[in-house]
Amino acid sequence: LCRFRCSACRCERLVALSCKGRGLCPSCGGKRMTDLAAHTVDHVIPRVPVRQWVLSLPHAFRYRLAYDHARMVAVFGLFVRAVLGFYARRAKARGLPAAQTGAITFVQRFGSAANLHVHAHVLVMDGVFTAAESGELTFHELPSPSDRELNELLAVVRQRVLRHLRRHGWLDDTVGDADPMADEAPVLAACYRGSIARRQTLGPRPGAPLARVGAERRVGWIERALGPLQAHIDGFDLHARLTIATDQAGGVGRLEKLVRYCARPPLANDRLSLQADGRVLLELKTPWADGTTHLAYEPLDFLAKLAALIPRPHKNLVLYHGVLAARSRWRAQVVAYRRELELGTDCEPLTPSSKCPRGAWAELMRRAFGYDLLACPNCGGKMVYLSCVLRRDVIAKILARAGPAR
């Protein structure tokens with residue numbers, strides 16, 4: 001519950017705010033997702049078409065990569081370099097030598113069921129840049145890849161990843177059933193295994209399947225049909241169908257929503273509920289093929305599932321490659337390319353301040369929800385943030401004293 005005062009008419013206003021999984025609470029400072037999306041759109045990605053490439057890995061690799069951050073970065077680096085090389089070869093075939101593009105990689109550690117699922121969302125500029133003799137850059141949009149090209153690219157990525165892991169001893173048959181992670185962090189390893197397998201880790205029935213709500217047990221395993229621009233080979237899955245034309249009307253707003261999706265936290269509070277028997281009920285974003293709509297966790301087991309989703313401390317999960325890399329000599333020109341083309345977007349640049357070098361929480365609320373929280377409902381003046389109350393008992397007393405909402 002936040003308290004505001006209008007700087008013009010001096011009226012006061014109480015506003016109940018909820019992060020709703022978007023990280024916009026002014027008291028906790030948890031605004032990184034929306035802040036990162038706004039900064040990426042305003043200052044990093046130029047006004048060119050963007051394609052999302054999503055790579056998922058086999059279950060056997062997710063377990064080790066979730067703990068070994070350096071190896072995870074190397075594996076996804078192999079994938080991004082293969083994609084950038086794919087763009088360069090297609091550009092060269094069209095008479096554009098020495099062409100380059102760039103990408104931003106968002107590493108996600110979670111699936112829709114709060115399970116450990118290490119995968120990467122890579123936003124690639126859907127074309128290449130070339131430099132003239134004067135040094136001026138020009139962007140050339142490339143046509144959409146075909147399903148055959150996507151399958152060939154995934155086969156190359158799979159070969160490179162397996163070769164890399166084999167070179168570092170991950171696929172050595174002589175190792176047997178050795179598990180270095182279990183020796184170094186046995187409790188965390190158990191949390192990882194239970195999360196990937198969707199089984200209970202702690203509680204009264206360790207190793208038992210998670211309790212499902214709405215499941216029709218008569219329905220067996222259903223293979224998911226592949227859609228357009230999607231490839232699947234031995235557990236490796238690649239999806240590249242989504243594109244956004246940021247140089248067209250409304251494209252910038254769509255891109256910002258996509259970046260928020262890539263940088264989102266694992267869970268939204270609205271999907272969680274506490275049952276009368278003490279179990280935690282998680283609502284799935286999309287029902288499963290067998291009819292499952294919710295998963296039920298024992299309280300202690302739910303904490304184990306959350307522990308598996310926490311990344312190693314001080315590890316970066318947002319990576320930049322190609323012309324968007326920090327040391328690229330083209331980066332300054334690329335991020336400013338066609339920046340003056342703001343066609344039909346309602347995403348005004350954030351106003352930085354000394355206390356908040358990027359965006360204040362109220363401006364982020366405007367970007368995410370589309371309304372100005374600091375506008376006085378009486379005179380339209382500027383509302384000033386006074387205080388924030390977090391304790392529920394104090395909030396109940398304030399609301400009871402304030403009377404019914406007007």
Side-chain angles (χ1 to χ4, degrees), residues 19-53 73 76 80 101-109 120-126 129 137 139 242 244-247 250-266 311 314-328 330-374:
C19 288
K20 291 186 178 294
R22 302 198 184 190
L24 293 170
C25 179
S27 61
C28 67
K31 56 180 183 178
R32 296 179 181 177
M33 176 190 69
T34 308
D35 194 9
L36 175 61
H39 173 75
T40 301
V41 171
D42 291 343
H43 304 291
V44 180
I45 298 180
R47 298 300 175 253
V48 298
V50 175
R51 182 178 298 273
Q52 178 185 225
W53 297 72
V73 171
F76 288 138
V80 175
T101 189
I104 304 178
T105 302
F106 297 89
V107 178
Q108 291 189 356
R109 297 172 52 90
H121 291 252
V122 184
L123 303 184
V124 184
M125 291 179 289
D126 204 23
F129 284 94
L137 298 183
F139 183 79
L242 179 59
I244 296 177
T246 60
D247 54 347
V252 177
R254 290 183 58 206
L255 178 62
E256 185 168 354
K257 291 181 180 179
L258 175 61
V259 178
R260 282 202 296 264
Y261 175 82
C262 294
R264 73 190 190 279
H314 311 297
K315 302 301 182 182
N316 191 13
L317 298 181
V318 181
L319 311 171
Y320 300 84
H321 299 86
V323 295
L324 293 180
R327 296 188 178 183
S328 172
W330 287 0
R331 190 181 194 277
Q333 289 181 267
V334 167
V335 298
Y337 189 77
R338 294 181 181 174
R339 188 65 64 179
E340 70 279 1
L341 298 179
E342 301 292 347
L343 303 176
T345 175
D346 56 356
C347 299
E348 300 177 5
L350 297 179
T351 304
S353 63
S354 58
K355 294 183 179 180
C356 185
R358 288 191 180 174
W361 66 270
E363 295 188 62
L364 296 176
M365 291 278 285
R366 173 178 56 82
R367 293 284 289 258
F369 297 104
Y371 61 84
D372 188 2
L373 185 66
L374 297 182

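Residues M33 and R264 come closest through the heavy atom pair SD-CA, 3.2 Å. Contact record, A103 with V124: CB-CG2, 3.8 Å, taken as the closest heavy-atom pair. Closest approach of S328 and G322 over heavy atoms only: CB-O, 3.6 Å. Across all their heavy atoms, P46 and T246 have their closest contact at O-OG1, 3.6 Å.
Atom CD1 of I104 is separated from atom NE2 of H321 by 11.0 Å, given to the nearest 0.5 angstrom. Rounded to the nearest 0.5 angstrom, E256 CD and L36 CG are separated by 10.5 Å. Atoms CD and CZ, from Q52 and F106 in turn, are 9.5 Å apart once rounded to the nearest 0.5 Å. Atom CZ of F139 is separated from atom OH of Y337 by 8.0 Å, given to the nearest 0.5 angstrom. Between the CG atom in L255 and the CZ atom in R260 there is a gap of 10.5 Å [rounded to 0.5 Å].
Every residue two or more places apart in sequence or in another chain that forms a side-chain contact (heavy atoms from CB on, under 4.5 Å) with V335 is listed here: L324, R331, R339. For H121, the ring pair (Phe, Tyr, Trp, His ring centres under 6.0 Å) criterion is met by H119, Y261, not counting sequence neighbours.
Contact check for R254 versus L242: side-chain heavy atoms found under the 4.5 Å cut-off. Inter-residue side-chain proximity for R47 and V41 is flagged as met; some heavy-atom pair is nearer than 4.5 Å. Between W53 and V80 the shortest side-chain heavy-atom distance does not fall below 4.5 Å. Looking only at side-chain heavy atoms (C-beta outward), M125 and V323 come within less than 4.5 Å of each other.
Here the side chain of T105 pairs no donor or acceptor atom with the backbone of V318 at under 3.5 angstrom.
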